[in-house]
> 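Have a look at this one before I ask anything.
So you know, we letter chains A, B, ... as the sequences are listed, proteins then strands, and number each from 1. It should be emphasised that the depicted structure is a prediction, and the values quoted were computed from it without experimental measurement.
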2 protein chains.
Amino acid sequence: MHSTQKPRATAINRRRVTAAMVAERAGVSTATVSLVANGKASGRVSPGNEAKVREAIRELGYVVDGIGSSLARGVSNTVIMVAPDISNPFFATVIAGVRAALGSEFQLLLSVTDAGQLPSADDTRRLLGLRPAGLLVDAPDPSFLEELSAPGPLVLLDAPGLGPEVPAVNLDVAQGGRLLAEHLAATGHKKVAYIDGTTGTTTFEVRRIAFLEAAGALGMEVPEGARIAATINVGLAANAFAEAWPQWKKLGVSAVVCATDTHAYGVLQEARAAGISIPGELAVTGFDDLPYSTTSSPGLTSVNLPGELLGRRAAEQLLRLIAGEDLETQQVTLESTLMVRGSTVQG
Amino acid sequence: MHSTQKPRATAINRRRVTAAMVAERAGVSTATVSLVANGKASGRVSPGNEAKVREAIRELGYVVDGIGSSLARGVSNTVIMVAPDISNPFFATVIAGVRAALGSEFQLLLSVTDAGQLPSADDTRRLLGLRPAGLLVDAPDPSFLEELSAPGPLVLLDAPGLGPEVPAVNLDVAQGGRLLAEHLAATGHKKVAYIDGTTGTTTFEVRRIAFLEAAGALGMEVPEGARIAATINVGLAANAFAEAWPQWKKLGVSAVVCATDTHAYGVLQEARAAGISIPGELAVTGFDDLPYSTTSSPGLTSVNLPGELLGRRAAEQLLRLIAGEDLETQQVTLESTLMVRGSTVQG
DNA sequence: CTGAAAGCGCTTACAG
DNA sequence: CTGAAAGCGCTTACAG
């Protein structure tokens, strides 16, 4: 009963239904079919013909071929979003925003690279070979943008520090850093540690610099040796913290600012294991305000970044560019807010 | 003389470089350009012409147009992966596996739907309009597959319970359920609770049924009222558990099996808050073995599902189908393993 | 309103 | 080895 399978009994051999087939069935030309199929019939196709074409389309199950259409029009109805890291839960909310704004006219396709990797110039050229109606690029690094010559409509997301002529929607993470500094200063901290990411993404730089500047201005100190970095991973962050804590304690550090909530989870975990009281002995803060930060114990004080809005605004801007409109503002910056929870203030 | 500078056009108005332009520059036909550009020159184009074409391609910065090429060949060099939920961290590892196996010949594009939503038939038709070389569909539901008529090469991932004629790579979550039951029986539990997901995904059904059957066979009981469900969210799972725990306690429940690690994190969190000793008073288990499960305290006993391998195998199968080869095995099932940690056995 | 026709950029028999 | 030519399926001036 072993089968020598030639599978796919499904209608794999079903012939592609073309506009020509519809045209023949409806007794009109392919031009008319095209008009009707694309919703451009009104005022250009007689009601009778339109009805006939619709009927034929229905009967045959005709769908406009994207490839043929793209070639004829010079561009596809696809919007491609390039993202370096989808494993970040934050990304899912950004996508949701993009989808919401894009609606059904354009098809959203994601091109992801391996974790932490940027798309190669080669990848990108191939992407452009698909003739996307527009490109959304999340968290690009500057060198990538240089390679990305001659795209059509392009909007960057979360790409701080670019020339003002590049359409972009940014998160004001610097503001978040300042809010954090103000909050910690207000709650009496003098010496603070900082746990950075290791990817060197611009947003991490901005987070760090904004915090450090504001902290300094507010009379707080980040002592020598109280600045470390760890990969974005709970366990690794926990280890890094465990190793650093004895020295920090000696230095008098009473708060630690983490570049991401994920780092902060590691600190919370290790602190619990080591019996460090939070926030009494050590206050902990993060960035991103991931879902778990509301429900961890204690809750994590974190900078909330509006991911859904980021995606939505970026897609809206892109839609304008695709429509050939000018952008009122090339660059949009979205405010971040500080969510204060039990990891910095006694519940 | 023309310059030998790199073909880095200055943005916006660069004219598309076509094969015809390359052909003219090299003094050959577009047929020859096509052969060279596609690496099919060997034995079909004279060395001299090949060199001339390569030179022209370099000078002009020519890239084969994906749309034109796809139309001529009938299929694109794109592989589209349809996935219902990218916010699941597990998914990132699957993608990594797919990318690794796919190599550089095919361009991987992701089509995601909103969380928990299946792609509509309409979406899918448009996807097929892009003429992908192959389709990968992650965690589809059966009704979706019915609509997906007449695709070319197609491989399903994590789609248990399908007819044997559909190429698929599955995770043996049933085995995971059995391992869990055996482990809990071996560690002396008699009454066990179960926290299910709410999405009704097939994999959740399989997890539950396999566990319940094995548990029954091993003499364990899941009492009336000790089966609840919660959305995949730490906080919601925590709440659901908090509400259920008093009754479970009365019933003599000493272990709880969660459909996902995320549910289990909620239980761990609430248990800590409520002073329930783990695993002494309550043993906790999950499915998925997410990264945090190694480092939570206590570590979470969980069924490890090989995500990277899942993606890799699926892509390998797809590559075979694309190449027109037969599959040795239509359906591949990957073993799951049980990672025993502190949430079920005293560290 | 309508259809014939000219592409869009490429690939691939085919004839030389 | 090589190039002219016929498409792939569609859209869009254009002439009627």
> Would you grab the first and last nucleotide of DNA chain C (5' to 3') that comes under 4.0 Å of any non-hydrogen atom in chain B?
C:dG9 to C:dT12

> Would a distance-only check, ignoring hydrogens and angles, find a side-chain to backbone donor-acceptor pair under 3.5 Å from B:Ser76 to B:Arg131?
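Yes, the answer is positive, given that a donor and an acceptor are paired below the 3.5 Å cut-off.
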
> Output yes when a side-chain donor or acceptor of B:Asn38 lies under 3.5 Å from a complementary backbone atom of B:Lys40, and no otherwise.
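No.
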
> Base, sugar-phosphate, or nothing for A:Val33, non-hydrogen atoms under 4.0 angstrom?
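Here A:Val33 touches no strand at all.
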
> Check DNA chain D against residues 37-53 of chain A and give the residues with a non-hydrogen atom under 4.0 Å, in numerical order.
A:Asn38, A:Lys40

> Which distance, rounded to the nearest 0.5 Å, do you find between the CG of A:Leu310 and the CG of A:Asn170?
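The distance works out to 8.0 Å.
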
> Run the side-chain contact (heavy atoms from CB on, under 4.5 Å) test against A:Ser46 and tell me which residues pass, sequence neighbours left out.
A:Asn49

> Can you list everything that forms a side-chain contact (heavy atoms from CB on, under 4.5 Å) with A:Leu102? Sequence neighbours excluded, please.
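Partners of A:Leu102 under the side-chain contact (heavy atoms from CB on, under 4.5 Å) test: A:Val79, A:Val98, A:Phe106, A:Leu108, A:Ala315, A:Leu319.
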
> Using a cut-off of 4.0 Å on non-hydrogen atoms, how would the nucleic acid contact of B:Ala31 be classed: base, sugar-phosphate, or nothing?
base

> Nearest heavy atom decides the nucleotide; on that basis, is B:Thr32 or A:Tyr62 closer to the 5' end of DNA chain D?
B:Thr32

> Can you tell me how far CG of A:Leu128 sits from CG of A:Leu130, rounded to the nearest 0.5 angstrom?
8.5 Å

> Specify the residue among B:Arg131 and B:Ser29 whose closest nucleotide of DNA chain D lies further upstream toward the 5′ end.
B:Ser29

> Distance-only, no hydrogens or angles: does the A:Gln317 side chain make a donor-acceptor pair with backbone N or O of A:Thr329 under 3.5 Å?
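Pair found, side chain donor or acceptor close to backbone of A:Thr329.
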
> Decide side chain to side chain contact (heavy atoms under 4.5 Å, CB included) for A:Met81 and A:Ile95; before the verdict, give the C-alpha distance in whole Å, the side-chain angles of both, and the deciding distance to 0.1 Å.
CA-CA 9 Å; A:Met81 178 157 181; A:Ile95 288 292; 3.9 Å; yes

> When you measure from the side chain of B:Glu50 to the backbone N and O of B:Val36, does any donor-acceptor pair fall under 3.5 Å?
no

> Mark yes or no for whether B:Arg313, through its side chain, and B:Leu157, through its backbone, hold a donor-acceptor pair below 3.5 Å.
no

> Enumerate, in order of first residue number, the stems that involve DNA chain D, defined as 3 or more consecutive Watson-Crick or G-U wobble pairs with both distances under 3.5 Å.
C:1-3 with D:14-16, C:5-12 with D:5-12, C:14-16 with D:1-3

> Determine yes or no for a side-chain-to-main-chain donor-acceptor pair under 3.5 angstrom, with A:Thr32 supplying the side chain and A:Val28 the backbone.
no

> Is there a donor-acceptor pair closer than 3.5 Å between any side-chain N or O of A:Gln330 and the backbone N or O of A:Glu165?
yes

> With C1' as the reference atom in both, quote the distance from C:dG16 to C:dT12 in angstrom, rounded to an integer.
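Taking atom C1' in both C:dG16 and C:dT12, they lie 16 Å apart.
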
> Would you check if the side chain of B:Thr30 reaches a backbone N or O of B:Val33 as a donor-acceptor pair within less than 3.5 Å?
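No; zero donor-acceptor contacts below 3.5 Å.
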
> Can you list, in residue-number order, the parts of residues 68-80 of chain A that come under 4.0 Å of DNA chain D, counting heavy atoms only?
A:Gly68, A:Ser69, A:Leu71, A:Ala72, A:Arg73

> When rounded to the nearest Å, what value does the distance between P atoms of D:dA6 and D:dT2 take?
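It works out to 22 Å between them.
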
